[in-house]
Amino acid sequence: MSYRVAVLVSGEGSNLQAILDKVHGRDGIEVVAVGSNRADARGLGRAQKAGVETGVFDAADYGGDRELRDRILGDWLEERQIDLVVLAGYMQIIRAAFIERLQGRIINVHPSLLPAFAGLHAIEQAVESGARVSGVTVHFVDEGVDSGPIILQQAFELPYSAELEAIEETVHAIEHELLPRAIRLLASGAVRIDPDNPRRVLIEERADV
Ligand code: GRF
């Protein structure tokens, strides 16, 4: 039985590429679908190159009706029997109805140590705050903005003089390790919500993942 992953992207898709390179076709994990809200997202080309089916779900094609778009995207994912939906730079608000359909099966990668600096421009927010440390978070998606239970985090130092571009590079390098690792852990069944505290995620220690 394979573990079927869908990835949603809006732009560059470097995280998608890391997933394709590091987990796709290994240990029973298959990326079976890549969706985007934008036909010009570079990530779609990366998926096609890897032989993965793609779909474009632009609300503009549905008269601007985002709920209808989400329903059609949800149908597309359901038909493909997806075990996990990975938001990898998917710049759309995820609505309650979509989350309900995919209960506990949606994760996101965010470029800060949540709960600090949720929302847009997280790296800039961290720099402007004067924080000395920032990081990357992979978390389950709930109805809030970047607020779901945290699966993995990794910190890095934020030197006062660092250029934004250099920080972005550091963030990406961490994301490209942390997100594939989270997918491997989820696929192996090592991740579950703490029954005593649904804000917390329990991870079974496994040397092989
Ligand atoms: C990443 O930095 C991710 O944390 C954020 O959007 C960016 C996507 O980059 N959510 P890419 O499209 O994967 O290159």
Side-chain angles (χ1 to χ4, degrees), residues 5-24 29 31 33-50 52 54-58 70 73 84-95 98-99 102 105-129 131 133-158 162-186:
V5 176
V7 184
L8 300 183
V9 298
S10 294
E12 180 58 34
S14 71
N15 278 286
L16 165 65
Q17 191 65 56
I19 294 167
L20 291 169
D21 293 344
K22 293 178 181 166
V23 299
H24 178 52
I29 303 170
V31 178
V34 171
S36 181
N37 59 312
R38 300 180 57 132
D40 62 352
R42 231 192 121 208
L44 293 172
R46 296 179 188 268
Q48 283 151 8
K49 212 167 165 196
V52 176
T54 58
V56 175
F57 303 88
D58 184 347
D70 285 357
L73 172 58
L84 184 71
V85 178
V86 180
L87 309 183
Y90 183 60
M91 306 301 284
Q92 294 283 283
I93 289 172
I94 305 295
R95 287 174 187 73
F98 189 78
I99 293 167
L102 291 151
R105 283 182 288 151
I106 314 174
I107 65 169
N108 180 44
V109 60
H110 183 78
S112 77
L113 287 180
L114 291 170
F117 314 125
L120 291 175
H121 310 300
I123 299 173
E124 289 88 335
Q125 288 187 55
V127 170
E128 275 160 29
S129 77
V133 170
S134 192
V136 170
T137 303
V138 179
H139 63 96
F140 284 113
V141 172
D142 67 9
E143 288 166 33
V145 175
D146 302 320
S147 62
I150 291 167
I151 303 168
L152 291 178
Q153 285 188 309
Q154 191 173 320
F156 64 90
E157 298 219 359
L158 205 53
E163 301 283 343
L164 199 58
E165 228 168 77
I167 302 169
E168 280 166 359
E169 239 171 70
T170 303
V171 164
H172 274 119
I174 294 173
E175 288 180 340
H176 298 167
E177 295 298 324
L178 208 66
L179 187 55
R181 184 162 144 69
I183 296 168
R184 279 196 292 273
L185 284 165
L186 284 152

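All ligand and atom numbering here is 1-based and tracks the order in the structure.
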G13-ligand 1 polar pair, N/O distance under 3.5 Å | yes
Side-chain touch I107/F140, heavy atoms, less than 4.5 angstrom = yes
Basic-acidic side-chain contact under 4.0 Å: E177, K22 | yes
Under 4.0 Å from ligand 1, counting heavy atoms only, is it the side chain of M91, its backbone, both or neither?
-> neither
Consider every N or O of S14 and every N or O of ligand 1, then say whether any pair is closer than 3.5 Å.
-> yes
Starting from atom 6 (O) of ligand 1, locate the nearest protein heavy atom and write down its residue, its atom name and how far away it is, to 0.1 Å.
-> G89 CA, 3.5 Å
Under 4.0 Å from any heavy atom of E175, which atoms of ligand 1 are there?
-> 1 (C), 2 (O), 3 (C), 4 (O)
So do V138 and N108 actually touch side chain to side chain, heavy atoms under 4.5 Å?
-> no
P180 to E175 - nearest heavy-atom pair and separation = CD-O, 3.7 Å
Is there a heavy atom in E168 that sits closer than 4.0 Å to ligand 1?
-> no
Per-atom contacts, ligand 1 versus E12 - under 4.0 Å to a heavy atom | 12 (O), 14 (O)
Verify whether one side chain among T137 and H139 offers a donor that lies under 3.5 Å from an acceptor in the other.
-> no
Pull out every atom of ligand 1 sitting under 4.0 Å from any heavy atom of P111, numbered as shown with elements.
-> 4 (O)
Any side-chain heavy atom of F156 within less than 4.5 Å of one from T170?
-> yes
Is there a side-chain contact between R181 and L152 (heavy atoms, below 4.5 Å)?
-> yes
Nearest heavy atom to atom 10 (N) of ligand 1 wins, so pick from L179, I19, V109, L87.
-> V109
